[in-house]
Amino acid sequence: MPRLLSPPSRKLVPLHHDKTPPHRCSLPLYRLPTQKFPRTSSTNLNSPPTVWIVSPSSKRKAQPTPGSSMISIRVPTQIPEEAKGAGGQGDLANRKTFPALINLGVAASAGFMNPCGMNKPHIHPRATEFLILATGANVRTGFLLENGLQTQMSTTLSQYQGAILPQGSIHYEFNDNCEPAVFIAAFSNEDPGLSTVGKNFFSLDPDIVDADLGFPDFLDHTNIRQFAKSIPKSFSNGAMECLDRCHIKY
């Protein structure tokens, strides 16, 4: 009988916190204009490589630890236009921007929301999202699943609370607060995909959009294309009540 070889065991060692508070050690380093975040820590396994996540605004260069190799991963400094707007921006690590994720079946993103900022209603066609609020408070989320299940499932998140947003659901995040907020989201697919509902709907043929809306008086097939150009990008200003409360011009 052939001899079966068992894989070598990997013994996990404690996280090296690098003088970082324990509750912050698992978050990647990012910087907002009005706030400072501590440096990221590394997770040291007995076998290389050690992976560091370095933000564009961090000027510190990570140094490899003795006896291990290092992969330095820098968040892209050029954020795609569709991922930023008046309400904030999102940084996505997927199989295209972070090839180490290929065949692993996961992806992640960080969302930076301005006061009253909103990540507009959108769909991830290939992944369920697990979102956790890293900083901020009173961040509202909601999703709709499908026809016949059109009651919005809503949550209001405080720091370190999370929400599940199912694959294929229309969902949003809204920072109903006068302070910035940051969320971290994990996805169940290395290429979750993104479809912004309003922007893509109005990209259909104008006569189809006009018919779907019931031929409204204020909009018809002659001006739908022009109207589509005025629709904000994925991160936009949120509800007018919040903007007025926080004295934000719109």
Side-chain angles (χ1 to χ4, degrees), residues 12 15 17 20 22-32 35 37-45 49-58 62 70-85 87-114 117-136 139 141 143 155 157 159-169 171-175 180-196 234-235:
L12 293 177
L15 286 173
H17 293 300
T20 302
H23 65 282
R24 294 282 181 87
C25 69
S26 62
L27 297 177
L29 183 149
Y30 291 97
R31 194 184 304 278
L32 285 174
Q35 290 180 279
F37 290 79
R39 295 185 304 171
T40 187
S41 62
S42 65
T43 303
N44 185 15
L45 300 179
T50 298
V51 179
W52 294 70
I53 305 294
V54 184
S55 79
S57 57
S58 174
M70 180 187 69
I71 300 173
S72 180
I73 302 155
R74 186 168 296 276
V75 177
T77 55
Q78 298 297 321
I79 306 299
E81 287 299 318
E82 64 271 15
K84 60 183 178 180
Q89 71 178 49
D91 299 342
L92 174 65
N94 61 9
R95 62 179 293 147
K96 180 180 180 180
T97 61
F98 189 10
L101 294 176
I102 292 176
N103 294 329
L104 294 184
V106 295
S109 69
F112 303 89
M113 305 180 73
N114 295 333
M118 178 176 66
N119 190 11
K120 294 178 55 181
H122 59 281
I123 294 169
H124 299 297
R126 292 180 291 277
T128 290
E129 177 179 354
F130 180 25
L131 180 145
I132 296 177
L133 187 63
T135 67
V139 170
T141 75
F143 71 83
T155 60
L157 303 179
Q159 190 176 27
Y160 307 132
Q161 292 184 327
I164 298 293
L165 304 166
Q167 177 178 344
S169 65
H171 60 275
Y172 66 87
E173 297 88 32
F174 168 43
N175 181 23
V182 178
F183 65 78
I184 306 297
F187 299 97
S188 61
N189 190 301
E190 64 207 48
D191 184 18
L194 174 65
S195 178
T196 305
S234 57
F235 280 80

* To do: State whether the side chain of Q159 and the backbone N or O of A134 hold a donor-acceptor pair below 3.5 Å, judged by distance alone.
  => yes

* Asked: Is the shortest heavy-atom distance from the side chain of F183 to the side chain of N175 under 4.5 Å?
  -> no

* Asked: Do the side chain of S188 and the main chain of T128 share a donor and acceptor less than 3.5 angstrom apart?
  -> yes

* Structure fact -> The ring pair (Phe, Tyr, Trp, His ring centres under 6.0 Å) partners of F174 (sequence neighbours excluded) come to none

* **Of all pairs that satisfy salt bridge (Lys or Arg N to Asp or Glu O under 4.0 Å), the ones with a partner from residues 117-126, not counting sequence neighbours** => R126-D191

* To do: State which residues pass side-chain contact (heavy atoms from CB on, under 4.5 Å) with T155; sequence neighbours excluded, sorted by chain then number.
  => T141, L157, A163

* Asked: For the atom pair CD (Q89) and CZ (F235), what is the distance rounded to the nearest 0.5 Å?
  -> 8.0 Å

* Structure fact -> Closest non-hydrogen atoms of A127 and F187, given as atom of the first, atom of the second and distance, are CB-CB, 4.0 Å

* Structure fact -> Here the gap from L101 atom CG to R95 atom CZ, rounded to the nearest 0.5 Å, amounts to 9.5 Å

* To do: Could I get the full list of side-chain contact (heavy atoms from CB on, under 4.5 Å) partners for I132, not counting sequence neighbours?
  => F130

* Asked: What residues, two or more places apart in sequence or in another chain, satisfy side-chain contact (heavy atoms from CB on, under 4.5 Å) together with P166?
  -> F143, L145, S169

* Asked: Does S195 reach the main-chain N or O of P125 with its side chain, forming a donor-acceptor pair under 3.5 Å?
  -> no

* **Gap separating the OH atom of Y172 from the NE2 atom of H122, nearest 0.5 angstrom** => 12.0 Å

* **Value rounded to 0.5 Å, distance of CG in N189 from NE2 in H124** => 11.5 Å

* Asked: What pairs with N119 under side-chain hydrogen bond (donor to acceptor under 3.5 Å, both in side chains), at least two apart in sequence or on another chain?
  -> E173

* Going from CD1 on I123 to CD on Q167, what distance comes out if it is rounded to the nearest 0.5 angstrom? -> 11.0 Å

* Asked: Is there side-chain contact between L133 and Q161, with at least one heavy-atom pair below 4.5 Å?
  -> no

* E190 side chain to N103 main-chain N or O, any donor-acceptor pair under 3.5 Å? -> yes

